[in-house]
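Please read the structure below before turning to the comments.
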Amino acid sequence: MPELPEVETTLRGVAPHIVGQIIDRLTVHNGSLRWPVTEGISEITKGQQIVAITRRAKYLLVELERGSMMIHLGMSGSLRLVDRKTERRKHDHIEMQLANGVCLRYHDPRRFGAWLWSDNGYPQLNHLGPEPLTDEFTGKRLFELSRKRKIAVKPFIMDNQTVVGVGNIYASEALFRGAIRPDRQAGRISLQRYELLAGHIKDVLASAIAQGGTTLRDFVNGNGEPGYFQQTLMVYGRGGQPCVHCGKALKDIRLGQRSSVFCLTCQR
DNA sequence: CTTTCAGCCTGACGGC
DNA sequence: TGCCGTCAGGCTGAAA
């Protein structure tokens, strides 16, 4: 489900309720996720205190006294805080009961997500690009990394080595705001245009986070409150509908297996 | 090296 | 009503 704003919204919703708490019991109902849930995770985590929860790219990192858990929501995952008496729903694969009575449930119909424990770091985090909302991420970086690259700009900005956390929705929206065709070769875009694009990526992510994340399908944040950023999407999911600027029908093409909606007139 | 592509899963939706 | 194909927010590993 989530793009970065949804993960960030989940983090913010969940953190105040779980940090500092002791794990009474972690139960794995279905450990068959993208990678098998760490063998013995229930025994390892029992009685440990949650020291902190942070985010790197779309990975949530739950720091324990010994080691950490890394959670990814994949395409359809979500975390919810419920009372422990609340009945489990279908696809609630993992639940973590805390000493304060709160229960964190991991729900993921497609099971593309992950829930791992390690005291030795995670290789998935090794080659990630910068966080988009930091000064490490700039138009200059996009320009320099893209020289001589033939890849289309949309998959280029969605590549986690370029910058993390830019998924299909926000890539589409940022390119529209930057007036760049998603299928334009990454290596043929000027520094000036990349500087504008980087700014749009930051704006679109920051405003989505500010609004509490996009509600799509089964997304709910950690408090069970839906976000509502979808109301301001200008191209994503609007193929065939009129462009908000010029009124012409938006084009829908596929790039790297992903649908890409854009305006033939406004984006070049 | 860069780029593309199949695959991991379930569920929703549209066409017949 | 059901069956079938297509599509969906991500990411990996292998092939080209």
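Note that these values count all heavy atoms, side chains included, but never hydrogens, waters or copies made by symmetry. This structure is a prediction, so every number in the text was calculated from the model and none was measured.
- With side-chain heavy atoms closer than 4.5 Å counting as contact, directly or through intermediates, the hydrophobic cluster containing A:Leu255 also holds A:Ile253, A:Phe262, A:Leu264.
- OP1 or OP2 of C:dC11 sits under 4.0 Å from a side-chain N or O of A:Asn160.
- Atom CZ of A:Arg238 and atom P of C:dC7 are 20 Å apart (whole Å).
- Take A:Asp159 and apply the side chain to side chain donor-acceptor pair (under 3.5 Å) test, not counting sequence neighbours, and it matches no residue.
- Within the 4.5 Å cutoff, side-chain heavy atoms of A:Arg141 are placed close to those of A:Pro130.
- When rounded to the nearest whole Å, the span between CH2 of A:Trp115 and P of C:dC11 equals 18 Å.
- Side-chain N/O atoms of A:His91 include none lying less than 4.0 angstrom from OP1 or OP2 on B:dC9.
- An aromatic stacking contact between A:Phe112 and the base of C:dC11 is absent, as defined here by ring centres under 5.5 Å apart and ring planes under 30° from parallel.
- Between A:Arg56 and A:Glu131 a salt bridge is recorded (basic side-chain N to carboxylate O distance below 4.0 Å).
- Rounded to whole Å, atom P of C:dA8 lies 11 Å from atom CE of A:Met158.
- Listed by chain and residue number, nothing satisfies the side chain to side chain donor-acceptor pair (under 3.5 Å) test with A:Gln267 (two or more places apart in sequence, or in another chain).
- In this structure, A:His107 atom NE2 and B:dT10 atom C1' are separated by 10 Å, rounded to whole Å.
- Straight-line distance from the CG atom of A:Asp108 to the P atom of B:dG11: 11 Å, rounded to whole Å.
- Under the ring-ring contact (aromatic ring centres under 6.0 Å, His included) criterion, A:His91 pairs with A:His93, not counting sequence neighbours.
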Nucleotide-level pairing of DNA chain B, given in dot-bracket where Watson-Crick and G-U pairs need both distances under 3.5 Å and | marks other strands:
.|||||||.|||||||
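- Among residues two or more places apart in sequence or in another chain, the ring-ring contact (aromatic ring centres under 6.0 Å, His included) test is passed with A:Tyr59 by A:His72.
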In sequence, state the C-alpha distance, the side-chain angles, and the governing distance for A:Lys140 and A:Glu144, and then conclude on salt bridge (Lys or Arg N to Asp or Glu O under 4.0 Å).
CA-CA 6 Å; A:Lys140 184 160 171 276; A:Glu144 288 173 353; 3.5 Å; yes
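- Base contact: A:Arg258 has a heavy atom under 4.0 Å from a base atom.
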Pairwise N/O distances under 3.5 Å, protein to nucleotides 14-16 of chain C:
none

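- In terms of phosphate contacts, A:Ser76 brings no side-chain nitrogen or oxygen within less than 4.0 Å of OP1 or OP2 of C:dA8.
- Nucleotides C:dC3 and B:dC9 place their P atoms 23 Å apart, quoted to the nearest Å.
- In this structure, A:Gln124 places its CD atom 11 Å from P of C:dC11, rounding to the nearest Å.
- Applying the side chain to side chain donor-acceptor pair (under 3.5 Å) test to A:Arg149 and every residue at least two apart in sequence or in another chain returns nothing.
- Taking a cutoff of 4.0 Å between a charged side-chain nitrogen and a carboxylate oxygen, A:Arg12 and A:Glu8 qualify as a salt bridge.
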Passes side-chain hydrogen bond (donor to acceptor under 3.5 Å, both in side chains), A:Asn168 versus A:Lys154? Steps please.
CA-CA 8 Å; A:Asn168 201 30; A:Lys154 181 158 169 277; 2.6 Å; yes
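- Judged by distance alone with a 3.5 Å cut-off, a donor-acceptor contact links the side chain of A:Arg110 to the base of B:dC9.
- A heavy-atom distance below 4.0 Å to DNA chain C is reached by these residues of residues 28-36 of chain A, ordered by number: A:Arg34, A:Trp35.
- Distance A:Asp252 CG to C:dA8 P: 8 Å, rounded to the nearest Å.
- Between the A:Ser146 side chain and the A:Leu142 main chain, a donor and an acceptor come within less than 3.5 Å of each other.
- The separation between A:Leu125 atom CG and C:dG10 atom P is 17 Å, rounded to whole Å.
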Nucleotide-resolved protein contact map, nucleotides 1-6 of chain B, B/S/- at heavy-atom distance under 4.0 Å:
-SS-SB
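- Residues passing the side chain to side chain donor-acceptor pair (under 3.5 Å) test with A:Asp24: none are found, sequence neighbours excluded.
- Between C:dC11, B:dT10, C:dA8, one nucleotide has an atom nearer to the side chain of A:Tyr236 than all others, and that is C:dA8.
- One finds no salt bridge joining A:Arg111 and A:Asp108 here, because no Lys/Arg side-chain nitrogen approaches an Asp/Glu carboxylate oxygen to under 4.0 Å.
- Annotation for A:Met234: hydrophobic cluster partners, listed by chain and number, are A:Phe176, A:Val235, A:Val244, A:Leu250, A:Val261 (ILVMFWY side-chain heavy atoms under 4.5 Å, direct or chained).
- Counting non-hydrogen atoms under 4.0 angstrom, A:Tyr59 reaches the backbone sugars and phosphates but no base.
- In this model, the phosphate group of C:dC11 is approached by a side-chain N or O of A:His72 to a distance below 4.0 Å at OP1 or OP2.
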